[in-house]
Amino acid sequence: MPAAFVRLSLPACGQPARPSPATWQHERVTAATHSTLFPQVPDSPDAVLEGLDPEQREVATALHGPVCVLAGAGTGKTRAITHRIAYGVRAGILPPAGVLAVTFTARAAGEMRGRLRQLGAAGVQARTFHSAALRQLQYFWPKAVGGSMPRLVDRKIQLVADAAAACRIRLDRNELRDVTAEIEWSKVTQTVPADYALAAAKAGREAPRDPAEIAQLYTVYEDLKRDRAVIDFEDVLLLTVAVLQDRQDIAEQVRSQYQHFVVDEYQDVSPLQQRLLELWLGDRDSLCVVGDASQTIYSFTGATPDHLLDFRTRHPGATVVKLVRDYRSTPQVVRLANGLLSQARGRAADHRLELVSQRDPGPEPVYTEYTDEPAEAEGAARRIRDLMDAGVPAAEIAVLFRTNSQSETYEQALADAGIPYQLRGAERFFDRPEVRKAIVALRGAARFGGNDSLLDDAVGLPSQVRAVLSGEGWTSEPPAGSGAVRERWESLAALVHLAQDFAKAKPGATLADLVAELDERANAQHAPTVQGVTLASLHSAKGLEWDAVFLVGVAEGMMPISYAKTDEQVEEERRLLYVGVTRARRHLHLSWALTRAPGGRPNRRPSRFLDGLRPGSGGVAGRSAAGGGAAGVERGYTRGYTGRREDAPRRRQRSPARCRVCGRTLIDAGEMKLMRCESCPSDMNEGLYERLRDWRADQARRSGQPDFCVFTDRTLMAIAEAEPSSPDELARIPGLLKRKLDRYGTDVLAICAGQEVGESEIGG
């Protein structure tokens, strides 16, 4: 049996512990982590259970007593717990208003609300810990404390800066951020300033300043908050805990409101959040927790998997269900993920889950070594272009890195390759001003459409939406260039695509129906997909998935990160890589560079986490998952490689890039493109630069791409400074890919020579 469960209580409501295999295998459950865009609401409680696999069904029907769901990556945990809530609500066992589901991000809470709505369980509260606590604190403050609740500060870093000034301690920007993180960690672990130094040492934290100084800053920070009558996000939890502890009447009122609790990502609970959960529960045990100790990657914020791992100790009569059927990733990806964990150490590793892929086989993960980071970025861009040409949508591709500072090189490489991208962590879709304004316009058209001249010639819902949004700035072709104008257009285009999908799913739907759907999605923060390759850090990629994932910078010093010193810190880095691997559904590329900059000393080596897993690394791989074969994958060599050293493609040797003005070695990608330091004087031909910009704008308009997809501003500056007169001189400008040279080289050289470029030549 590929999955296991331990059940110490009978199934709820007489439901069978296991359906017949045909019940779920007939549908193959390949969409266990997905749902259709506009699914039909199940018409009965039993219909809610359809399509669940045996273990997911165990979760959905275990409605009484404490329940612990140990769910591996891609095993459909959100599907299982939302169907559990929906089944309980639809069967009349769980009152919708009496259920509180908590998770750790607004996005995850929004997704949960959206799924519950689709299952006919509207009215269930799905919130983050902070959001739920803030609502309770705002409601009970007049009764518990009196007067108005203090103002909540969005960013505490300015308060920390003021505290540093009061202490006459000088902090730069990075130190401010790090000290702020230490204060946050102290508060979620319920550490007071006087105990900070001892607690930090015990936890193995590397303090950014002298611990005594941080304790002093922490003290003054708290004093300033009191003086200014403000609170921070950690105070929301602390004060809610204090109110529930001190006021039994208020605690009982909260418990009478919520009788059943569900906690997602339970491995990320901090001691403070666990204390709040215990106060919400009181002496009851109507609790369901879901988590995976192997995905604990936020211990630096105070998260600990101990509460998950100790659940059965605290609740001996608990129902424990293990979900290990992986519906997300191919057997090849799953085998690598299992291999990573098989070499792990520590308590979390002792409770690892061995995933079993339920998908058809796919390509082996690809490992590629590059000479330097710019070459690694260019290589990733080439492979992404190949995938897109093969039909993989840009929105189904992600580049994941360890630190945000790695992003710029990949932004540049993707821009040079004409590949659209989006940075993870931008403003939430329905919070964007242009989206709010567009929905207002659609609502007005739905109400007074008969008198709206924009709709006179519009037939069908998609045409009506396009007509209305044309008045808000949407056009059939994207605007040239990047920045705010392009971002606004992308937002409106996403609404247009959503309308098209909605019309296909619900023929005959009206503008009013679409507006109602948008309102529901806005409440649930269920945003449509914006087309573009995702660039994200590994931490911010948690909970997401793509068809193709590029894990870049998988080298010692970056993975594990150089400041991971203790065994516990190194193991968390391994878990972070595991999270990255399990984001991929089908295509997985892992790469590293031997040095940072061209011409640098090649002193880097691949991450130790890949030892025994990548070809030629030696060692013994861990246990393999379903799909068979040893835990090893093919190196990403070119077609025709036979395995002999002499047939391997030779790496291009690069000499150090030096500033052509002062001679300094260049390491910044932008400076290397210009072949000079940013601060050194430019000898750019301004007239040539302007002619190149005009030519680029024309090219972008004709091809329907933004300007930067032709050439970036930095590339045009480099050309205008070098003024190349031959193909060889043009090719020597760093970052100019052969594809760009083949397509645009003749035009660029003609412009540099002062010749006119005719319309027939453009785009050649």
Side-chain angles (χ1 to χ4, degrees), residues 23-24 27-53 56-57 59-61 63 69 71 74-103 105-127 260 262 264 288 290 323 327-328 428-430 439 461 494-495 497-510 512-529 543-545:
T23 304
W24 61 279
E27 300 180 32
R28 295 183 61 82
V29 206
T30 54
T33 58
H34 305 281
S35 61
T36 56
L37 191 59
F38 302 102
Q40 296 297 316
V41 175
D43 57 8
S44 69
D46 287 342
V48 173
L49 302 176
E50 292 178 1
L52 299 180
D53 71 27
Q56 292 170 345
R57 191 180 177 100
V59 174
T61 56
L63 296 175
V69 183
T75 57
K77 68 178 180 65
T78 305
R79 177 183 174 89
I81 60 175
T82 51
H83 280 68
R84 179 182 189 271
I85 295 171
Y87 175 69
V89 168
R90 299 287 299 277
I93 301 168
L94 303 178
V99 179
L100 178 60
V102 288
T103 186
T105 66
R107 183 198 60 80
E111 179 185 359
M112 192 176 291
R113 288 193 295 270
R115 292 200 191 194
L116 289 170
R117 176 170 63 88
Q118 294 167 356
L119 292 169
V124 173
Q125 292 292 310
R127 298 187 172 276
H260 190 87
V262 177
D264 193 13
C288 174
V290 188
L323 303 182
Y327 298 96
R328 176 187 300 157
R428 292 190 298 186
F429 182 82
F430 286 104
I439 293 176
L461 179 60
L495 290 174
H497 292 314
L498 180 66
Q500 293 168 345
D501 291 335
F502 188 68
K504 288 179 183 177
K506 302 198 174 199
T510 65
D513 295 330
L514 176 64
V515 169
E517 175 68 23
L518 292 173
D519 287 341
E520 291 278 9
R521 284 174 172 247
N523 291 333
Q525 284 298 332
H526 184 188
T529 301
L544 303 176
E545 58 187 78

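Values reported hereafter were calculated over all heavy atoms of this structure, with side chains retained and with hydrogens, waters and symmetry mates removed.
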Applying side chain to side chain contact (heavy atoms under 4.5 Å, CB included), name anything that partners [X], two or more places apart in sequence or on another chain.
{"X": "P95", "answer": "Q259"}
{"X": "A509", "answer": "L461, F502, K506, D513"}
{"X": "A499", "answer": "V465, L514"}
{"X": "P42", "answer": "A47, V48, R90, L119"}

Which heavy atom of [X] sits nearest to which heavy atom of [Y], and what is that distance?
{"X": "A109", "Y": "A126", "answer": "CB-O, 3.7 Å"}
{"X": "G51", "Y": "R79", "answer": "O-NH2, 3.3 Å"}
{"X": "V59", "Y": "R84", "answer": "O-CD, 3.1 Å"}
{"X": "I85", "Y": "A101", "answer": "CD1-CB, 4.2 Å"}

Just verifying a value: how many Å separate [X] [atom1] and [Y] [atom2], rounded to the nearest 0.5 Å?
{"X": "L100", "Y": "R127", "atom1": "CG", "atom2": "CZ", "result": "8.5 Å"}
{"X": "T61", "Y": "Q56", "atom1": "OG1", "atom2": "CD", "result": "11.5 Å"}
{"X": "E50", "Y": "R57", "atom1": "CD", "atom2": "CZ", "result": "9.0 Å"}

Decide yes or no on side-chain contact (heavy atoms from CB on, under 4.5 Å) for L544 and R107, but give the supporting numbers first. CA-CA 10 Å; L544 303 176; R107 183 198 60 80; 3.7 Å; yes

Passing candidate, side-chain contact (heavy atoms from CB on, under 4.5 Å) with T82, options M112, E111, R117: M112

Passing candidate, side-chain contact (heavy atoms from CB on, under 4.5 Å) with H83, options T78, L49, L52: L52

Checking L323 against V290 for the side-chain contact (heavy atoms from CB on, under 4.5 Å) test, could you report, in this order, the C-alpha distance in whole Å, the side-chain angles of both residues, the deciding distance, and whether it holds? CA-CA 10 Å; L323 303 182; V290 188; over 6 Å; no

Heavy atoms, side chains only, cut-off 4.5 Å: are [X] and [Y] in contact?
{"X": "L498", "Y": "E517", "value": "no"}
{"X": "L63", "Y": "H260", "value": "no"}
{"X": "D264", "Y": "K77", "value": "yes"}

